[in-house]
Amino acid sequence: MPLTEPSDDRLHEAAVAADPRGGADGVVDDHTDSPDSALPDSMPPEPTASDSTVPDSTVSDSTVSDSSVPEVSETTLPEPTLPEPTLPEPVRQRIVTLTAAALPGLPADELPAPLRRVAKFAPNRRARLGGGAIATQLAGDPLFRQRVTSRILTEAGDLGAAVVDGVVPAAADPVEVAALAYLVRPPGWRDQVEAAGAAVQADVDSAVVAELVRSAEQRVARAEHDRAVAKVEADKLRDELARVREELGQLREEARTLSRSLRETQGRERKATEMLATEKGRAARAANDHDAELRRLRAKLAEAETVAGAARHTAKEARSVDDARLWLLLETIGRASAGLRRELALDPVDWLPADSVAEAYAEGPTGATTSRARDTDDPARLDELLALPRAHLVVDGYNVTKRGFGEMSLEQQRKRLIAGLGGLAAQTGDEVTVVFDGAERMHGLPPTPRGVRVLFSRKGETADELIRRLVRAEPRGRPIVVVSSDREVADGVRRHGAYPLGADSLLRRLARS
């Protein structure tokens with residue numbers, strides 16, 4: 001329910017009757033207020049009824065009646081408006097907290113303009129960030145204070161009703177009572193605020209005294225502890241002194257024993273010196289004998305080196321004879337092969353055995369080229385095989401690509417493998433054939449690199465069968481290298497004399513390139 005302030009209405013009527021400067025409408029000039037009316041701790045002064053901008057129609061006739069407001073005679077004027085009391089910090093914080101909690105419950109048109117944005121803050125930020133604006137509106141807008149107080153009293157329950165009636169329970173929190181009294185402002189509310197300040201100060205003083213007593217007790221306990229520790233340390237020092245004296249006696253006895261041992265050691269040292277001189281003479285004679293033996297051994301070593309040099313020369317001559325025989329044999333074989341080629345009238349051909357398999361059993365979108373280049377010298381197993389004369393490299397295409405870069409599409413896999421094989425063919429000059437499954441699913445390929453033949457198996461035939469056909473078509477004795485990690489393919493081509501290698505060997509070779 002809305003609260004009224006009869007005292008403010010009486011002050012307003014008395015001010016209009018007493019001040020001749022008041023206008024016809026009964027408004028008192030607010031520029032006559034004293035600057036001392038400012039509220040400490042960021043709380044503005046409480047305005048009089050004349051300062052309020054709320055029209056007289058906002059005060060209900062049911063809340064303020066002629067019977068509730070005593071008549072003010074010209075001889076009994078009320079005391080002048082008092083400044084706001086100095087609020088203790090806990091009371092001020094409690095007032096702001098209560099008001100901030102009640103802001104969201106007020107309609108937007110009943111909120112002062114400065115507080116409409118504050119009412120939208122989160123509950124934990126409303127009192128912290130909008131405290132100054134809330135305090136200003138509480139002191140400067142009585143109507144806003146009445147509206148907020150109505151909601152706060154509803155939440156306060158019995159304690160709020162007791163504060164309105166002026167009967168405060170003895171067990172109530174003085175800070176809570178003072179905050180409610182400041183908002184409701186019943187008769188004697190200033191005394192309640194001052195009593196709350198005195199209670200808060202008494203609590204602070206009690207806490208300070210308790211802290212001093214506790215500090216003194218701690219110092220006494222610490223002094224007792226230090227005294228006990230000092231006593232224990234003194235006992236330890238006395239025990240340590242007795243032990244040191246006992247050890248000193250033992251050390252003196254040990255010093256006397258060591259002195260006797262030193263004299264005995266010095267005597268033994270003199271005897272050892274004499275024995276050392278004797279042994280030095282013997283060692284000198286042994287060194288002379290050793291030098292003579294070393295000279296004799298060096299002479300024997302020089303003789304042995306002479307004999308070894310003669311043996312090396314003889315072996316070199318024998319190896320030269322063997323090399324000559326081997327060269328003559330190779331020259332004879334070369335000339336015999338040349339004569340046989342002339343005898344059989346074999347001309348150089350552009351056709352290779354793999355071309356017959358490609359024409360008969362596969363469909364290739366592009367033609368194959370057979371360029372040759374110089375061999376490269378590489379110690380890897382694949383390079384060793386490719387370095388053999390007229391080697392033929394056959395690659396199981398998808399078996400290699402899915403193992404090396406399976407995350408790509410099939411088209412990208414084919415392009416990457418064919419490009420790498422093109423570089424390998426250019427380096428080694430060997431014949432390179434790569435076989436893929438499924439020519440019926442292909443719509444054409446980009447031009448293949450020079451020296452690389454690209455084949456696709458026919459419908460109903462796999463790339464493994466096509467690879468075996470390529471191996472069987474080659475003549476016996478020609479080095480054929482088949483790259484595939486398929487065990488069946490490796491076993492099948494091995495029976496026909498080919499060299500099977502895993503897909504990883506080719507992938508590492510292409511990675512080096």
Side-chain angles (χ1 to χ4, degrees), residues 352-355 357-358 362 364-437 442 445-457 462-464 466-468 470-471 474 477-494 496-513:
L352 295 173
D355 295 333
V357 176
T366 57
T369 58
T370 58
S371 63
R372 295 294 182 266
R374 294 184 179 180
D375 294 339
T376 58
D377 187 10
D378 195 317
R381 175 63 176 164
L382 179 60
D383 289 342
E384 290 177 358
L385 295 175
L386 294 180
L388 297 175
R390 303 292 295 177
H392 184 187
L393 175 63
V394 181
V395 181
D396 188 354
Y398 287 138
N399 184 273
V400 174
T401 59
K402 291 181 179 180
R403 190 176 184 89
F405 24 89
E407 70 279 359
M408 298 181 179
S409 64
L410 293 180
E411 181 181 0
Q412 292 175 339
Q413 293 180 20
R414 290 192 297 269
K415 288 182 179 180
R416 181 169 177 177
L417 178 60
I418 293 172
L421 292 176
L424 184 61
Q427 293 177 3
T428 61
D430 293 328
E431 181 180 358
V432 179
T433 303
V434 57
V435 181
F436 295 101
D437 284 311
M442 297 302 301
L445 284 175
T448 57
R450 184 177 181 84
V452 179
R453 179 187 296 108
V454 181
L455 301 179
F456 291 86
S457 63
T462 63
D464 300 347
L466 181 56
I467 290 173
R468 285 192 284 269
L470 287 170
V471 174
E474 295 292 344
R478 184 183 184 186
I480 306 171
V481 183
V482 178
V483 177
S484 176
S485 295
D486 191 336
R487 185 177 297 276
E488 294 183 1
V489 174
D491 295 340
V493 299
R494 187 183 288 108
H496 296 285
Y499 299 96
L501 291 177
D504 291 338
S505 61
L506 178 60
L507 290 172
R508 288 195 293 268
R509 179 63 179 81
L510 295 178
R512 285 189 318 181
S513 301

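- Shown here for Val452 and Ala425, the closest heavy-atom pair between the two residues is CG2-CB, 4.2 Å.
- Remark: Arg478 engages Glu431 in a salt bridge, criterion side-chain N to carboxylate O under 4.0 Å.
- The CG atom of Asp430 sits 12.0 Å away from atom CG of Leu421, with the distance rounded to the nearest 0.5 Å.
- Atoms CG and CG, from Leu388 and Asp383 in turn, are 11.0 Å apart once rounded to the nearest 0.5 Å.
- The one candidate from Val454, Ile467, Val434, Val482 that meets the side-chain contact (heavy atoms from CB on, under 4.5 Å) condition with Val395 is Val434.
- Side-chain contact between Glu384 and Tyr499 is absent, with no heavy-atom pair separated by less than 4.5 Å.
- Atom CZ of Arg468 sits about 11.5 Å away from atom CG of Leu470, to the nearest 0.5 Å.
- Between the OG atom in Ser409 and the CD atom in Gln413 there is a gap of 7.0 Å [rounded to 0.5 Å].
- By the 4.5 Å heavy-atom criterion applied to side chains, Leu506 and Leu424 are counted as neighbours.
- When the side-chain contact (heavy atoms from CB on, under 4.5 Å) test is applied to Ser485, the partners found at least two apart in sequence or on another chain are Asn399, Arg403, Ala503.
- You'll find the side chain of Arg381 reaches within 4.5 Å of the side chain of Leu501, heavy atoms only.
- Val481 is not listed as a side-chain neighbour of Val394, based on a closest heavy-atom distance of 4.5 Å or more.
- Every residue meeting the side-chain contact (heavy atoms from CB on, under 4.5 Å) condition with Ala463, not counting sequence neighbours, appears here in chain and number order: Asp396, Val435, Asp437.
- At a threshold of 4.5 Å between non-hydrogen side-chain atoms, the residues Leu410 and Thr401 do not count as touching.
- Separating the OG1 atom in Thr428 from the CG atom in Leu393 is a distance of 7.5 Å, to the nearest 0.5 Å.
- In this structure, the side-chain contact (heavy atoms from CB on, under 4.5 Å) partners of Arg416, at least two apart in sequence or on a different chain, are Phe405, Met408.
- You'll find the side chain of Phe436 reaches within 4.5 Å of the side chain of Leu417, heavy atoms only.
- Smallest separation of non-hydrogen atoms from Ile418 and Pro449: CG2-CD, 3.2 Å.
- Side chains of Val493 and Pro500 form a contact here, defined as non-hydrogen atoms less than 4.5 Å apart.
- For the atom pair Leu385 CG and His392 NE2, the distance stands at 14.0 Å (nearest 0.5 Å).
- Annotation: side chain of Leu507 is in contact with side chain of Val400 (closest heavy-atom distance under 4.5 Å).
- Among residues at least two apart or in separate chains, salt bridge (Lys or Arg N to Asp or Glu O under 4.0 Å) pairs with a member in residues 479-491 are Asp491-Arg494.
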